[in-house]
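Some notes on the structure that comes next.
The basis for the numbers below is simple: all heavy atoms, side chains too, and nothing from hydrogens, waters or symmetry mates. For ligands, and for the atoms within them, numbers begin at 1 and follow the listed sequence.
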Amino acid sequence: MATSTHPIVSCTNINSFSTNSSSPRNFSRPPSQIFLNPNPSRAARRGDAVKIRCAASSEGRDENPDSLSKAKLDRRNVLLGLGGLYGAYNLGAGGSNPFALADPVPLPDVANCGPATISFSSCKVPYRCCPPITDTTKVEYYKIPSFSKLNVRPAAHAVDAAYLEKYKTAIKLMKELPPSDPRSFDNQAKVHCAYCNGAYLLNGNPYQIHFNWFFFPFHRWYLYFFERIMQSMINDPTFTLPYWNWDNPPGMTFPGIFDDENQLSPLYDQYRNQDHRYGHVLDLAYSGDDIIAPDPTKVKNNLAIMYRQMITNAPCPLLFFGKPLRADNTQSSGMGTIENIPHNSVHRWVGDPRSANHEDMGNFYSAANDPVFYSLHSNVDRMWTIWKTLGGKRTDIADKDWLDTEFLFFDETKTAVKVKVRDCLDNEKLGYTFQDMPIPWKDFKPTRKRTVKLSITESVPASTDVLPAPLSKNLTFYVTRSTSVPETQEEMLNLDLVYDDTKFIRFDVFLNEDEDVNTVELDRTEYAGSFGNLPHVHEGGSATPKTTTFNLAISELIKDLDLEGDDKVLVTLVPKVGGSFVTVNNAYINTLDC
Ligand code: C2O
């Protein structure tokens with residue numbers, strides 16, 4: 001067994017959690033021995049596969065030193081691990097034009113697929129994530145098979161025993177497929193690894209389908225083929241992936257079907273946070289530290305967060321989907337609202353803090369090794385469908401570079417196929433829909449906690465008097481705004497930040513509040529949104545301060561707080577986790593035409 005030489009071993013010593021002595025809080029338990037002494041089952045699951053695959057792949061790699069050196073090219077802003085910039089948009093004047101000329105992203109360069117890297121570290125993923133083909137010129141477009149009836153994806157908390165048995169059987173059979181079979185559970189997880197951890201190159205730099213506008217369509221196609229493989233395993237073309245209904249109170253815990261006291265279920269994964277197993281209410285904005293609040297408050301906060309991420313903060317396509325990535329791979333990345341919170345937060349909430357890189361769910365290369373991954377994403381997928389029903393400018397992106405981008409997958413007949421973004425925009429055309437569940441956040445428009453406007457007296461400082469400042473305590477200041485914002489424009493609050501991205505950080509933003517703000521309750525008009533950073537491990541282990549502009553759409557708040565006629569707005573920033581690792585350089589309000 002590959003015990004002492006397990007490649008993850010070398011990653012523990014540059015891991016920020018295990019060497020972090022300057023941190024004011026003990027964010028995580030000591031790193032476990034899991035990766036130092038992998039137990040037989042893990043070694044059997046991954047190590048053996050590693051041996052088989054690496055033998056073939058490292059030969060290929062040696063023959064092509066060029067691909068290796070390419071893979072070492074500039075990885076800035078690309079291998080971000082999970083989390084990072086909250087919608088790092090340049091929305092204001094001087095921002096890059098998101099519709100600049102470039103091209104759709106072609107099929108990944110499989111011939112030059114190289115080793116994958118674990119987040120920002122210099123550690124390589126200990127097995128090869130590349131698919132078993134290299135010549136993509138012969139790959140045909142996938143034709144969506146005809147169907148007579150829509151399949152219905154159920155909510156994970158509401159399935160019955162017969163469904164659960166089928167689900168377990170399908171996953172078990174996928175796990176038993178040989179390593180040479182692209183439909184195997186392991187190989188399906190590697191699809192995610194290859195697209196997310198720099199195995200593919202795009203224009204000479206690592207190709208990453210997170211942190212940009214491909215987040216939703218890539219994962220929709222990915223789940224589509226995964227689901228078809230499950231169906232073929234159990235000869236049931238009506239079988240579907242459950243969705244983890246985390247936006248609805250009955251679904252706001254770890255779904256019970258994935259847990260198993262005896263740890264024997266094919267849906268069980270031991271590399272999970274043991275404090276967050278079935279029964280604990282989750283925090284949709286989790287940033288590495290459990291927020292202390294009673295369960296009903298947590299639930300209300302989650303609903304408020306959903307309302308903000310789906311409605312208030314996502315009135316425009318690019319705010320929801322994320323920033324463009326085009327074939328030239330030159331623009332800086334930026335997540336959409338849902339990708340950041342709750343998607344990233346839920347990954348980290350499930351991932352095991354005892355693992356060096358929060359494997360499985362807490363790191364892209366390993367996330368899809370946990371069966372719950374596909375359920376998390378089934379609900380992310382559902383959010384896309386729901387978002388388009390919410391009105392306003394909430395429609396799919398019309399840009400051809402997005403629509404004509406192609407991905408490579410394997411279907412249930414082991415055939416490599418290519419697909420376009422434009423063919424997955426409507427889930428019903430793909431043959432599935434979602435079980436109806438209440439969408440309580442839709443009507444959870446937060447209400448005002450303060451009935452009166454706080455007056456901005458002379459003692460209240462302007463943002464320019466207070467900033468730059470570290471967020472080691474609550475900060476209150478006023479920001480000026482124009483009182484004549486056209487109806488068609490979104491008013492945006494922007495915070496220029498410099499932060500240490502190796503640290504857990506979360507802060508919340510409130511309007512018309514001062515230092516006395518109740519920071520525990522988020523179901524209030526005054527709550528504008530949250531910034532979250534989940535730590536990255538850096539190449540070589542050194543931390544570089546990261547800059548970003550955190551943008552929040554505040555038109556609705558301005559209206560509901562009755563501030564439309566005011567040329568000054570009171571802003572309070574409340575650090576929840578790791579505030580001393582972030583400096584707010586500047587705060588300003590501008591408008592966005594989406
Ligand atoms: Cu591709 Cu939830 O990550």
- Any chance the rings of Trp441 and Phe444 have centres within less than 6.0 Å? no

- For the pair Lys576 and Asp508, find out whether any cationic side-chain nitrogen is under 4.0 Å from an anionic carboxylate oxygen. yes

- Task: List in chain and number order the residues that pass side chain to side chain contact (heavy atoms under 4.5 Å, CB included) with Ala189, two or more places apart in sequence or in another chain; answer none if no residue qualifies.
- Result: Ala368, Asn369, Tyr374

- Item | Atom of His347 nearest atom 2 (Cu) of ligand 1 (restricted to N/O/S, atom name only) | NE2

Please tabulate, for the side chains in residues 428-439, all donor-acceptor contacts under 3.5 angstrom to protein atoms that are two or more places apart in sequence or on a different chain.
residue, atom, partner, partner atom, Å
Tyr432, OH, Arg220, NE, 3.3
Tyr432, OH, Asp381, OD2, 2.5
Gln435, OE1, Ala155, N, 2.8

- Counting backbone and side-chain atoms alike, does His210 have an N/O/S atom under 2.8 Å from atom 2 (Cu) of ligand 1? no

- Verify the distance test for His377 against atom 1 (Cu) of ligand 1: any N/O/S atom under 2.8 Å, yes or no. no

- Message: To make sure I understand the geometry: which N, O or S atom in His219 is closest to atom 1 (Cu) of ligand 1?
- Response: NE2

- Message: Which atom name would you report as the N, O or S atom of His192 nearest atom 1 (Cu) of ligand 1?
- Response: NE2

- Taken to the nearest 0.5 Å, the spacing of Asn363 CG from Asn197 CG works out to 6.0 Å

